[in-house]
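Take a look at the structure set out below.
No experiment lies behind these values; they were computed from the predicted model shown. As the structure lists them, so they are numbered: ligands from 1, and atoms in each ligand from 1.
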Amino acid sequence: MSLVSKAASGERLTSEEAVELYRLPLFELAAAADAVRRTRTDAAVVSYLIDRNVNYSNVCSVGCAFCGFYRTRRQDDAYTHSYEVLSQKVAELEAVGGTRILMQGGVNPHLSFDWYLDLLGFLKQRHPTVRIEAFSPEEIKGMMGLTGHSASGVLERLKAAGLDGLPGGGGEMLVDEIRHAKHISPARIGTDDWLDIMAAAQELGLYTTATMVIGFGETHEQRVASMLRLRDAQDKALASHGNGYSAFISWTLQTTGVRIAGKVPGAGAHEYLQNVAVSRLFLDNFSNFQASWPTMGYKVAQTALYFGCNDFGSTMLEENVVSQAGARHQATSEREIVRQIVDAGFQPVQRDSLYNVIARPDVEALLARPAA
Ligand code: SF4
């Protein structure tokens, strides 16, 4: 059997075979990834989520060279929002039918652990139906340092206070040689810690996603090595309790106006699409793959729906992180997402963050509305 037929059949691939995939003509690779996507998810539909990004604070002590979001406490535009301001943002999301917030900040050494617990309790009490998916392994590691608790200890307390999920921010490239390179993020959480914290969250029943960023100058072998860590972790989670990663989300490094600009090659649309297809074929134990319209633009994200993706991401009302490193698009509306999905040839369905379909939008009525 040729490699492309084996890949299209959905059979498990070795790392060496996955590296070989990058050498295939792009559209052969796409056809294989699309064949697998069609067997694992509803081929006719593409899902989306109405959500809001909320950044509670931009103060961070880690200092990644690719990050345009963080500030030191003394900078004029450093902020930590009050609970009231954060609650107002959630109320605005509720007003447009949103179902979850993705709430993240930096590793802010000036906030106590109780501040986070009280924040979760405050938001849950005010907005009981909105899911709070918050923080990242890097922030959890910061809280472990603050409290002396283990990852499970921190997460248990956050969950009891109202946390519903731990998004996979900071996954980037799960190869320490890349993540800890001097010109990238030497102080960043290491691969083992990142995976261990995500595993602890999964054991507690929290929702999690896996992320990957390409364009640091990593080799194809390193990309596959990063995916292999995720595939192994997913095998383990599914075998031991069944609560694995809900989705895999990849994008390209954004370098506009950040310190890393000019020091790494970045990655363009061809590499992005190639990597999306390889990930769909190699990560055979993941169901949902999300296209990244904020970093790639709508047209490339639409194309990714034919390279293995089955989800168009979310409205991301108020995205502040990748947009500050040059991502092309910021928040969008449900109408716009639906328009993009229909234009790409699929039926849009609104999902919750667990990938359950919660509504089938009236496309005609939605598109008849004036653009926001
Ligand atoms: S990417 Fe995250 S951890 Fe790194 S500097 Fe930015 S906010 Fe801090």
Side-chain angles (χ1 to χ4, degrees), residues 53-81 86 101-111 113 115-116 119 133-146 151 154 158 165-176 178-198 201 208-218 226 249-261 263-264 266-267 292 294-295 316 318-327 330:
N53 286 37
V54 173
N55 298 115
Y56 58 88
S57 173
N58 64 351
V59 175
C60 183
S61 56
V62 180
C64 304
F66 52 80
C67 181
F69 167 73
Y70 85 94
R71 300 289 184 273
T72 61
R73 191 162 64 149
R74 290 200 172 75
Q75 284 180 272
D76 289 346
D77 50 354
Y79 68 79
T80 298
H81 287 313
L86 292 167
I101 54 165
L102 196 155
M103 183 170 71
Q104 295 180 312
V107 177
N108 184 338
H110 311 288
L111 295 175
F113 189 48
W115 187 89
Y116 296 103
L119 169 62
E133 288 159 14
F135 316 122
S136 67
E138 189 82 64
E139 286 154 278
I140 301 300
K141 194 176 168 213
M143 295 177 206
M144 290 160 68
L146 273 179
V154 165
L158 293 172
L166 178 65
E172 290 131 22
M173 194 55 56
L174 294 171
V175 173
D176 284 343
I178 295 291
R179 29 193 319 116
H180 288 163
K182 238 187 355 218
H183 63 294
I184 299 178
S185 45
R188 194 89 164 112
I189 186 171
T191 297
D192 289 346
D193 282 349
W194 192 93
L195 288 163
D196 288 349
I197 291 171
M198 294 306 273
T208 53
T209 52
T211 58
M212 179 180 200
V213 180
I214 60 169
F216 296 101
E218 71 285 346
S226 183
I249 312 157
S250 60
W251 62 92
T252 58
L253 185 67
Q254 307 295 300
T255 59
T256 307
V258 288
R259 279 185 290 127
I260 206 170
K263 295 181 187 150
V264 290
S292 177
T295 56
M316 296 182 90
E318 200 191 345
E319 202 294 310
N320 291 312
V321 179
V322 287
S323 56
Q324 290 191 33
Q330 295 174 27

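A tilted orientation is assigned to the rings of Trp115 and Tyr56, their planes being inclined by 30° to 60°.
Under the salt bridge (Lys or Arg N to Asp or Glu O under 4.0 Å) criterion, Glu172 pairs with Arg188, not counting sequence neighbours.
For the ligand labelled ligand 1, residue Glu139 lies outside the 4.0 Å heavy-atom shell.
With values rounded to the nearest 0.5 angstrom, Leu146 atom CG is found 8.5 Å from Leu111 atom CG. Annotation: the span from Ser292 atom OG to Gln254 atom CD amounts to 7.5 Å, rounded to 0.5 Å.
For a distance bound of 2.8 Å, the N, O or S atoms of Cys67 include one lying that close to atom 6 (Fe) of ligand 1.
Ligand 1 places these atoms under 4.0 Å from at least one heavy atom of Tyr70: 5 (S).
By the criterion of a heavy-atom distance under 4.0 Å, the side chain of Cys60, and not its backbone, is placed next to ligand 1.
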